[in-house]
Amino acid sequence: MVVANTAVEMGLDMLGYADVSKIGGQATPSARKLKQALLSYPEGRAEILLASLFLEMQNATSLDDVRKVIPNYERLVDTTAAAI
């Protein structure tokens, strides 16, 4: 078992990334995987979203790429909050 020390590492762990200490080279989670994590760990929503945005930023070619996905995250948070 890997001990997560930071909010990003905790979020990555909740998203199911095996090696949370690995920086870079990790794919952005799919909407389905993100939704499953948000529903499975409602107490860790902030960490999960932070980790997802961290991965978005690592994989983006520009800040505009990240800005484009923010509305998707907002809708997902609203949807999962209503289901909890």
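Heavy-atom basis, side chains included; hydrogens, waters and symmetry copies ignored. One is the number of the first residue; the rest follow in order along the sequence.
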Colleague: Please enumerate all residues that pass side chain to side chain contact (heavy atoms under 4.5 Å, CB included) together with Ser30, with sequence neighbours excluded.
Modeller: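 Once residues adjacent in sequence are excluded, the partners of Ser30 under the side chain to side chain contact (heavy atoms under 4.5 Å, CB included) criterion are Arg32, Lys33.
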
Colleague: So how far is it from Phe54 CZ to Thr28 OG1, rounded to the nearest 0.5 Å?
Modeller: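 Between atom CZ of Phe54 and atom OG1 of Thr28 there are 11.0 Å.
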
Colleague: Let me see the working for Leu12 and Ile48 under side-chain contact (heavy atoms from CB on, under 4.5 Å), right down to the final yes or no.
Modeller: CA-CA 7 Å; Leu12 289 171; Ile48 293 166; over 6 Å; no

Colleague: Within the distance-only criterion (no hydrogens, no angle test), does the side chain of Asp65 pair as donor or acceptor with the backbone N or O of Thr61 below 3.5 angstrom?
Modeller: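 Answer holds: yes.
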
Colleague: Which residues pass the salt bridge (charged side-chain N to carboxylate O under 4.0 Å, His left out) test with Asp64, sequence neighbours left out?
Modeller: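 So Asp64 forms a salt bridge (charged side-chain N to carboxylate O under 4.0 Å, His left out) with Arg67.
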
Colleague: Side chains of Tyr73 and Glu56: donor-acceptor distance under 3.5 Å anywhere?
Modeller: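 A pair is found: one side chain offers a donor N or O, the other an acceptor, under 3.5 Å apart.
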
Colleague: Report yes if some heavy atom in the side chain of Leu49 is under 4.5 Å from a heavy atom in the side chain of Leu38; otherwise report no.
Modeller: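 They are in side-chain contact.
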
Colleague: Begin with the C-alpha distance, continue with both residues' side-chain angles, and end with the deciding distance and a verdict on side-chain contact (heavy atoms from CB on, under 4.5 Å) for Glu47 and Leu50.
Modeller: CA-CA 5 Å; Glu47 290 84 355; Leu50 180 62; 5.6 Å; no

Colleague: Could you tell me the separation between the CG atom of Leu63 and the CE atom of Met57, rounded to the nearest 0.5 Å?
Modeller: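 If we round to the nearest 0.5 Å, Leu63:CG and Met57:CE are 7.5 Å apart.
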
Colleague: For the backbone of Leu15 and the side chain of Tyr41, can you confirm whether one donor and one acceptor N or O come within less than 3.5 Å of each other?
Modeller: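 The answer is no, because no donor-acceptor pair under 3.5 Å joins these two groups.
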
Colleague: Can you name the side chain to side chain contact (heavy atoms under 4.5 Å, CB included) partners of Lys35, sequence neighbours left out?
Modeller: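 Partners of Lys35 by the side chain to side chain contact (heavy atoms under 4.5 Å, CB included) criterion, ordered by chain and then number, come out as Leu39, Leu76, Thr79, Thr80.
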
Colleague: For Leu34 and Ser52, which heavy atoms make the closest approach, and how far apart are they?
Modeller: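 Looking at all heavy atoms of both residues, the closest pair is CD1-OG, 3.0 Å.
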
